[in-house]
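Hydrogens, waters and symmetry mates are skipped; everything else that's a heavy atom, side chains included, is used.
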Amino acid sequence: SKEQFRTAMEKERRVEFLSEGYRWFDLIRTGSAITVIDDYFKNNGLNFSVTENELLMPIPQRETDINPNLKQNPGY
């Protein structure tokens, strides 16, 4: 099925690109970052969770000074 293929592809990319830094972008693109990270913390006995605004970095102040049309990411 389509869902089985996606799951297999995610697993393959996770193994194939282990230390190349693609995992984060795959999690963000598929919208599964919060679930995967929260499950990891839960499975390791940590009482911590991630929120939507923690998935974005702040826009540097110098960039907002240059372009006043830029709006800061939520939570910063």
Using modelled atom types and a 3.5 Å cut-off, is there a donor and acceptor pairing between side-chain atoms of Q72 and backbone atoms of P58?
no

Can you find a heavy atom in the side chain of R23 that is under 4.5 Å from one in the side chain of F17?
no

Flag the pair D39 and K42 as a salt bridge only when some basic side-chain nitrogen lies within less than 4.0 angstrom of an acidic carboxylate oxygen.
no

Measuring from atom OG of S32 to atom CG of D38, what distance do you get when rounded to the nearest 0.5 angstrom?
11.5 Å

Single-linkage hydrophobic cluster F25~Y40, side-chain heavy atoms < 4.5 angstrom
yes

What's the separation between atom CE in M9 and atom CG in D26, rounded to the nearest 0.5 Å?
10.5 Å

Close side-chain approach of V50 and L55, heavy atoms under 4.5 Å
yes

Check for a donor-acceptor pair, side chain of N67 on one end and backbone N or O of N69 on the other, with a separation under 3.5 Å.
yes

Would you say Y22 ends up clustered with L18 if hydrophobic residues are merged whenever their side chains have heavy atoms under 4.5 Å apart, either directly or through other cluster members?
no

Over 12 foreign heavy atoms within 6.0 Å of CD, E52
no

Hey, quick one: are I34 and I28 part of the same hydrophobic cluster, counting side-chain heavy atoms closer than 4.5 Å, chains of contacts allowed?
yes

Please answer whether the main-chain N or O of S1 pairs with a side-chain N or O of Q4 as donor and acceptor at a distance below 3.5 Å.
yes

Are W24 and F41 joined in one hydrophobic group, where the rule is that I, L, V, M, F, W and Y side chains link up if heavy atoms are under 4.5 Å apart?
yes

Look up atom CG in N53 and atom OH in Y76, then write down how far apart they are to the nearest 0.5 Å.
6.5 Å

Greater than 12 external heavy atoms within 6.0 Å of R14's CZ
no

Within a 6.0 Å radius of atom CZ on R62, are there more than 12 heavy atoms belonging to other residues, nucleotides or ligands?
no

Considering only heavy atoms from C-beta outward, does the side chain of E63 approach that of L70 to under 4.5 Å?
yes

Any chain of hydrophobic side-chain contacts (each under 4.5 Å) joining L27 to L56?
no

Closest non-hydrogen atom pair between T30 and E10, with its separation
CG2-OE2, 3.9 Å

Is it true that T64 and Q61 share a donor-acceptor pair across their side chains at a distance under 3.5 Å?
yes

Can E54 and T51 be counted as having a side-chain donor-acceptor contact under 3.5 angstrom?
yes

